[in-house]
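Input: a single structure, listed below in structure tokens.
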Amino acid sequence: MHLFAHFSRFCAGFGGFMSKNIAIFASGNGTNAENIIRYFQNSESVNVKLVLADRETAFVLERARRLNVPFACLDKAAWADGTVVLSLLEDKGIDFIVLAGFLARVPDCILHAYPNKIINIHPSLLPKFGGKGMYGGHVHEAVVAAGETETGITIHYLNEHFDEGEIIVQYKCPVLPQDTAEDVAKKVHALEYEYYPKVIGGLLSEVC
Ligand code: GAR
């Protein structure tokens, strides 16, 4: 205990000198996953070690293959149970999990194994336009239909409830009267690409 306390302080003092292994969970196209992989490609402190998906048609799997990142797709039953997911994470020595357009529920055993070490990005300013069914394009359509004048992204820790974990940071962009849902999606994606990797890097330099 005593030794561990010293070790933790030592790590904190150096901003975390050991490299961290991250896994990305995604369900769809995977443009954020690719952006994160590329951002850390030459990093000495962060390694993207694994991409996991929950549907075989997810294009993120092809992106991972092209970028030489190990990947796997698990079926609904495996995600519901969590045992196989956990053993894959352990095999790769994963320290931190990043959700990038992942739509399934993360099993409790993973939440418990990675307390405050799983983050999600949501394409709105939570708590607005969050919750079940609010993902991807549906969010932007709802933002335009509601006549919002601004929207943005929320990066938050994951808990048992969709989009309700502690908020880490939000970034905003304007919604103009003539904007379509596609226009809003472009602005929101631009914020995601700019900030998600930086926030991940910042968080990882704080955890030992
Ligand atoms: C992103 O905009 C992400 O914020 C959103 O899905 C999109 C995935 O795009 N996530 C959610 O809606 C989660 N509720 P990508 O597959 O191109 O990265």
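In each ligand, atom 1 is the first atom listed, and ligand 1 is the first ligand listed. We count residues from 1, following the sequence as given. These numbers come from a predicted model, not from an experiment.
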Verify, without hydrogens or angle tests, whether N120 (side chain) and H156 (backbone) share a donor-acceptor contact under 3.5 angstrom.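 It does not hold such a pair.
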What's the separation between atom [atom1] in [X] and atom [atom2] in [Y], rounded to the nearest 0.5 Å?
X: S43; Y: L204; atom1: OG; atom2: CG; result: 9.0 Å
X: I153; Y: Y196; atom1: CD1; atom2: OH; result: 9.0 Å
X: K49; Y: I22; atom1: NZ; atom2: CD1; result: 11.5 Å

Using a threshold of 4.0 angstrom between heavy atoms of the protein and any atom of ligand 1, which residues qualify?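 Only N29, G30, T31, N32, G101, I121, H122, P123, M134, Y135, G136, H189, E192 have heavy atoms that fall under 4.0 Å of ligand 1, ordered by chain and number.
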Mind checking whether F25 and W79 have parallel, tilted or perpendicular rings, split at 30° and 60°?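 The rings of F25 and W79 stand perpendicular, inter-plane angle above 60°.
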Who else is in L103's hydrophobic cluster (ILVMFWY, side-chain heavy atoms under 4.5 Å, direct or via others)?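 Taking Ile, Leu, Val, Met, Phe, Trp and Tyr as members, L103 shares its hydrophobic cluster with Y135.
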